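Okay, so here's the structure we're looking at.
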Amino acid sequence: DGGITQSPKYLFRKEGQNVTLSCEQNLNHDAMYWYRQDPGQGLRLIYYSQIVNDFQKGDIAEGYSVSREKKESFPLTVTSAQKNPTAFYLCASTRGMGQLNTEAFFGQGTRLTVV
Amino acid sequence: DAKTTQPPSMDCAEGRAANLPCNHSTISGNEYVYWYRQIHSQGPQYIIHGLKNNETNEMASLIITEDRKSSTLILPHATLRDTAVYYCIVRVASSGTASKLTFGTGTRLQVTL
């Protein structure tokens with residue numbers, strides 16, 4: 001079955017450590033996105049990528065980094081510069097450059113807790 | 001970016017229609033309206049989208065006003081499993097090649113017996 005997979009589902013890290021969240025899709029989608037969600041809040045866009053080796057900052061990119069070396073993979077690194085990293089992180093993908101008439105598919109999320 | 005405004009919460013009795021409103025008064029002519037829902041601690045689920053005509057699928061109906069400044073998502077016979085946060089978003093073609101998906105805070109729909 002085609003879909004988008006995030007791993008792990010739960011992640012614990014010590015303060016000051018970098019951590020990388022995985023996102024893989026087998027939908028052959030060009031565009032991928034990372035969102036952060038805090039309790040009782042909506043989704044905020046961290047980074048997005050339209051094609052391989054290209055990505056843009058979203059609304060809250062500080063303290064995060066991404067790479068897009070392969071079409072199917074868009075890992076997110078939460079760096080020690082991110083002041084409040086504990087959150088629920090969601091990855092999404094969509095088809096096609098500029099195709100506004102296509103829906104996004106979401107992974108099931110990674111809940112990151114920094115202690 | 002076109003922004004959306006939704007009521008923070010709504011209640012609906014099971015079996016009745018749930019009508020969820022959304023304002024998007026700054027929407028541009030080529031921007032689609034999308035609806036998603038999110039059940040607690042899961043990834044958002046696509047429901048429906050439209051440009052200017054009303055749309056219907058097996059989950060819901062989408063009514064878009066003629067001026068496209070607002071829309072309503074209709075769940076015709078709400079069940080307890082429809083309890084979720086519902087997001088109305090406008091898919092924006094940003095500068096360059098990328099297209100953003102920007103979410104607001106959504107409407108928390110509580111379906112009750």
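In this text the structure is predicted, and so the values were computed from the model without any measurement.
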Taking A:Tyr64 as the starting point, is it possible to reach A:Tyr33 by hopping between hydrophobic residues whose side chains are less than 4.5 Å apart?
no
Rounded to the nearest 0.5 Å, the CD atom of A:Gln37 sits from the OG atom of B:Ser41 at a distance of 8.5 Å
Please identify, among B:Gly43, B:Pro44, B:Gly50, B:Gly106, the residue contributing the most non-hydrogen atom pairs under 4.5 Å to chain A.
B:Pro44
So which atom in B:Tyr46 and which in A:Glu103 form the shortest heavy-atom distance, rounded to 0.1 Å?
CD1-CB, 3.2 Å
In the single-linkage hydrophobic clustering (I, L, V, M, F, W, Y; side-chain heavy atoms under 4.5 Å), do A:Phe74 and A:Tyr35 co-cluster?
no
Linking I/L/V/M/F/W/Y whenever their side-chain heavy atoms sit closer than 4.5 Å, directly or via other members, would A:Phe88 and A:Phe105 fall into one cluster?
no
Any chance you could measure A:Asp59, atom CG, to B:Phe103, atom CZ, to the nearest 0.5 Å?
12.5 Å
Side chain to side chain contact (heavy atoms under 4.5 Å, CB included) for B:Gln42 and A:Leu90? Distances and angles first, verdict last.
CA-CA 9 Å; B:Gln42 296 183 21; A:Leu90 285 159; over 6 Å; no
Are A:Tyr47 and A:Ile60 grouped together when hydrophobic residues (ILVMFWY) are joined by side-chain heavy atoms under 4.5 angstrom apart?
yes
With clusters defined by side-chain heavy atoms of hydrophobic residues (ILVMFWY) lying less than 4.5 Å apart, directly or transitively, does B:Tyr32 cluster with A:Leu45?
yes
Just verifying a value: how many Å separate A:Arg44 CZ and B:Thr105 OG1, rounded to the nearest 0.5 Å?
12.0 Å
Heavy-atom proximity to chain A below 4.5 Å, by part of B:Gln45
neither
Donor-acceptor contact below 3.5 Å, side chain B:Tyr87 vs main chain A:Gly42:
no
